[in-house]
Amino acid sequence: MTSIAYADELNEEQLAAVRAEDGPVLIIAAAGTGKTRTLVYRVAWLVEKGVRGENILLLTFTNKAAAEMMQRARDRVGADPLHGMWGGTFHHVANRILRLHADKVGYQRDYTIIDSDDQKSLMKTIYDEMGLKGDKEFPKPQVLLSLFSLAVNKDEDPRDLIVDRFADFSIDVEQILRIFQRYRARKKELNAFDFDDLLIEAVNLLSEHEGPRQYYQHKFRYVMVDEYQDTNPVQSRFVNLLSGGTHNLLVVGDDFQSIYGWRGADYRNILDFPERFPDTQTFKLVTNYRSVPGILNVANRCIAGNPEQFQKELQAVRTGGPLPVLARLNDGRHQAQYLANHFRMMRRAGYDWKDMAVLYRAHYHAMELQLELNREGIPYAITSGVRFFEQAHIKDVLCLLRLAQNPRDELAFVRLLCLLPGVGDKGAKNCWGKISRKFNPLVSDDRNRLQAALPKRGKPSWEPVHAALEQMEAEELTRNPGEMVFLFLDAFYEAYAVNTFDNAPQRLEDIHGMAEDCANYENLDAFMNELALQTNLDETVTADGEEQNVIRLGTIHQSKGLEFPVVAVLWCADGMFPSKRSLDDDDSGGESEERRLFYVAATRAKDRLIFGMPQMRRQRDGGMIFYAPSRFISELGPGLLQEERGGYY
């Protein structure tokens, strides 16, 4: 292996971390400071010291990240010195261990790993056995699987999560717990692990069996963990057990970028690391190679408002560049028009569409922008792969509006009826024939014909919908499509969503946002005609935005780890970002995590950063709700932003 000139290839911060002495090491690597480079050179440093590749373990959160780091390490030191080195995700490493020792935790070594589809199939079998098949008023398998997984990864009693999730609905908690126990028992009968089991059983193995524990602690003399701020309690225990022999545990992460608390990550793992390991050597990487100074000044000022963290300030290598822009705008439509014009201006300035990204806190924040980009013929892709109006929950609630506009829309009719317990595709189509292939939900004769034609099992759930439709007709709500959506939510769909989607709160937030935005339209026809723009007008509007010259749209959570020359952040207003839900639930540190989200959003930008700040939204009752600027903007103080007012449209 060729000797590496570390001092020439690393900055002083990176060099100090790479040369750290044995023992526990904490590297606080702020955004854009070269943490991957530091990890790769740390591997090279260990090899130069005589550490064998088979004695090094690298844990990451994605296979892609592991493969990239392993390849970069081989490029620096060669393949031979790294022979036998283990690298991969937590689940990958747990699986390698269990393949040799599964018999010690009550499984055969030829166990099967079941994927999400297998999990759903197994749960459906359990539902059949318990007489729950086809019960649309009981939570769907995916909802319970998500709850069970969260309980495991947060190391919490599933009962508490079940009670919290269904607090406003009549659900038999004991029955769900029986399903949980049966699901676990059936997996064992099948000699099968799901992904959560891999970690749990690997932890059980290392905790309860001294032989395997001593073997792996001796084998892995050096354990390194990437993105440590995103570890959950189970992953933290796994790491501690593997490194317990030498305590040569090096973790890299950024507490400022801990944004996955909702899925079990615990940022206290990184904050408390020096307390758990009193002899910890701590290094901070703060030299940022990504962003211009103005962007970093905003990020630094905002995140300083979180007291419980490792305080640090990003330092820019780059010079010059414009200040981030704060665009004070009238409302969401104005924001969409302003950004469409701004993107065209960036295009004329020499940026490609793929150099630009739009980030938002919730999917519905981008609804008006998607419509505007379609109108203007500007190519874009949604990071999640599904445009706003193509998502299942949005299409569900639009069924009523589609039928109110076009009573002969059979597709909307069938979709609507299939939401009801006891009504399937065949039954819905039979109803369609019985009511003369026409149904206007706001016409009493049509409603009465449908009520008579419904299968017996579907009638009880239709009653509250029928009552809501009567109210819609009486109040002539074709002039207020948003109110139609809210009435349907209250009558039926909210309970349906909670039982159907594992991320029901976010989906219901989308629906509420869409319903409020309906107030921007004069009547139902105007709104539905606008939606007609949401068709596949251009082949560039696809999920595969990475390979095409398109603007990327996505949530801030989806953007972590990415960077773009130009970034726009939507709806920087209190109640939108930070979200009202997080502010209402601040016992769980909601505002602190929102502030970290703001930091992540800002530090995705390399050259230009735009904050859109609409000042009002029309409400479905015809009034206005006025928004104060996001507290994360208000706290910045003077001189950090260039303010623009987009003018009136």
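Hydrogens, waters and symmetry mates play no part in the numbers below; they use all other heavy atoms, side chains included.
Side chain of Thr383 to main chain of Leu553: a donor-acceptor pair is present (N/O by atom type, distance under 3.5 Å, no hydrogens or angles). Using modelled atom types, no side-chain atom of Ser579 and backbone atom of Met576 make a donor-acceptor pair closer than 3.5 Å. Judged by distance alone, with hydrogens and angles left aside, the side-chain atoms of Gln558 form a donor-acceptor pair with the main-chain N or O of Thr555 at under 3.5 Å. At distances below 3.5 Å, at least one donor-acceptor pair connects side-chain atoms of Lys136 with backbone N or O atoms of Val423. Between the side chain of Asn269 and the main chain of Thr231, a donor-acceptor pair closer than 3.5 Å is present. Of the possible polar contacts, one joining the Asn448 side chain to the Ser444 backbone as a donor-acceptor pair under 3.5 Å is found. A donor-acceptor pair under 3.5 Å is formed between the side chain of Asp118 and the backbone N or O of Asp115. Not a single donor-acceptor pair under 3.5 Å links the side chain of Asp164 to the backbone N or O of Asp160. For the pair Asn191 (side chain) and Gln108 (backbone), a donor-acceptor distance under 3.5 Å is present. Gln370 contributes a side-chain N or O that, together with a main-chain N or O of Phe388, makes up a donor-acceptor pair within less than 3.5 Å.
The local environment of CZ in Arg449 is crowded, with over 12 non-hydrogen atoms from other residues, nucleotides or ligands closer than 6.0 Å. Heavy atoms of other residues, nucleotides or ligands lying less than 6.0 angstrom from CZ of Arg184 number 12 at most. Counting non-hydrogen atoms of other residues, nucleotides and ligands closer than 6.0 Å to CD of Glu476 gives a total of 12 or fewer. Other residues, nucleotides and ligands place no more than 12 heavy atoms under 6.0 Å from the NZ atom of Lys429.
With no hydrogens or angles considered, no side-chain donor-acceptor pair links Asn232 and Ser236 at under 3.5 Å. Defined by atom type and a distance below 3.5 Å, a donor-acceptor pair is missing between the side-chain atoms of Ser116 and Gln119. Defined by atom type and a distance below 3.5 Å, a donor-acceptor pair is present between the side-chain atoms of Tyr183 and Asp194. Side chains of Asn523 and Thr478: no donor on one and acceptor on the other come within 3.5 Å. No side-chain donor from either of Tyr111 and Asp197 sits under 3.5 Å from a side-chain acceptor of the other.
Within the 4.5 Å cutoff, the side chain of Asn440 has no heavy atoms near those of the Leu403 side chain. Phe501 is not listed as a side-chain neighbour of Leu508, based on a closest heavy-atom distance of 4.5 Å or more. Pro578 is listed as a side-chain neighbour of Ser630, based on a closest heavy-atom distance under 4.5 Å. Contact of the Arg263 side chain with the Lys154 side chain is not registered, since no non-hydrogen atoms from C-beta on lie closer than 4.5 Å. Residues Leu417 and Leu454 have side chains in contact (heavy-atom distance under 4.5 Å, counting atoms from C-beta outward).
What you find for Glu593 and Tyr260 is that their closest heavy atoms are OE2-N, 3.7 Å. Across all non-hydrogen atoms, the minimal contact from Gly264 to Pro233 is O-CD, 3.7 Å. Here the shortest heavy-atom pairing between Gly106 and Lys188 reads O-CE, 3.5 Å. Nearest heavy atoms, Phe439 versus Trp432: N-CZ3, 4.0 Å. Annotation for Ser149 and Asp196: closest pair OG-OD2, 2.7 Å, computed over non-hydrogen atoms. The nearest pair of heavy atoms linking Val600 to Ser559 is CG1-OG, 4.3 Å.
The pair Arg186-Glu129 counts as a salt bridge, with a side-chain nitrogen and a carboxylate oxygen less than 4.0 angstrom apart. Between Lys580 and Asp574, no side-chain nitrogen of the basic residue sits less than 4.0 Å from a carboxylate oxygen of the acidic one, so the salt-bridge criterion is not met. Checked for salt-bridge contact, Arg595 and Glu591 meet the test: a charged N lies under 4.0 Å from a carboxylate O. Using a 4.0 Å cut-off between charged nitrogen and carboxylate oxygen, Arg361 and Glu594 count as a salt-bridge pair.
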Practice task
Carefully, step by step, assess Glu189 and Arg182 under the rule salt bridge (charged side-chain N to carboxylate O under 4.0 Å, His left out).
Solution key: CA-CA 10 Å; Glu189 290 173 12; Arg182 187 172 293 195; over 6 Å; no
Practice task
Test Arg387 against Asn374 for side chain to side chain contact (heavy atoms under 4.5 Å, CB included), laying out the working first.
Solution key: CA-CA 11 Å; Arg387 291 178 292 176; Asn374 270 334; 4.2 Å; yes
Problem - Stepwise salt bridge (charged side-chain N to carboxylate O under 4.0 Å, His left out) check, Arg333 with Asp517 - result: CA-CA 9 Å; Arg333 296 178 73 185; Asp517 284 329; over 6 Å; no
Practice task
Please report the C-alpha distance between Glu368 and Gln337 in whole Å, then the side-chain angles of each, then the deciding distance to 0.1 Å, and finally whether the side chain to side chain contact (heavy atoms under 4.5 Å, CB included) criterion is met.
Solution key: CA-CA 9 Å; Glu368 292 146 319; Gln337 293 173 350; over 6 Å; no
Exercise for the section: Assess whether ring-ring contact (aromatic ring centres under 6.0 Å, His included) is satisfied between His512 and Tyr364, documenting all intermediate values. Expected result: CA-CA 9 Å; His512 277 262; Tyr364 76 90; 9.1 Å; no
Exercise for the section: Given side chain to side chain contact (heavy atoms under 4.5 Å, CB included), test Tyr521 with Met528 step by step and report yes or no. Expected result: CA-CA 9 Å; Tyr521 299 90; Met528 298 305 290; over 6 Å; no
Problem - Asp396/Ile394 under side chain to side chain contact (heavy atoms under 4.5 Å, CB included): CA gap, chis, key distance, verdict - result: CA-CA 5 Å; Asp396 287 345; Ile394 299 298; over 6 Å; no
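Atom CG of Asp502 is separated from atom OG of Ser146 by 4.0 Å, given to the nearest 0.5 angstrom. In this structure, CG on Asp331 lies 8.5 Å from CG on Leu329, to the nearest 0.5 angstrom. Going from atom CD of Glu516 over to atom CD of Glu483 covers 9.0 Å, rounded to the nearest 0.5 Å. With rounding to the nearest 0.5 angstrom, the OG1 atom of Thr500 is 9.5 Å from the CZ atom of Arg507. The distance from the CZ atom of Arg165 to the CD1 atom of Ile176 is 9.5 Å, given to the nearest 0.5 Å. Rounding to the nearest 0.5 Å places CE of Met130 at 7.0 Å from CZ of Phe138.
In this structure, Arg596 satisfies the cation-pi test against Tyr267, with its NZ or CZ atom closer than 6.0 Å to the six-membered ring centre and inside 45 degrees of the ring normal. Relative to the ring axis of Phe413, Arg415 does not place its NZ or CZ within 45° and under 6.0 Å from the centre. At least one cation-pi condition fails for Arg479 and Phe527: the charged atom is not both under 6.0 angstrom from the six-membered ring centre and inside a 45 degree cone around its axis.
Using the six-membered ring where Trp is involved, Trp571 and His365 have ring planes that are tilted, between 30° and 60° apart. The aromatic rings of Tyr107 and Phe193 sit tilted relative to each other, their planes meeting at an angle between 30° and 60°. In this pair, Phe238 and Phe90 present their aromatic rings tilted. The plane angle is within the 30 to 60° band. Ring geometry for Phe577 versus Phe632: interplanar angle over 60°, hence perpendicular rather than tilted (30 to 60°).
For an aromatic pair to be called close, the ring centres must be under 6.0 Å apart, and His91 with Phe195 satisfies this. In this structure, Phe166 has its ring center at least 6.0 angstrom away from the ring center of Phe169.
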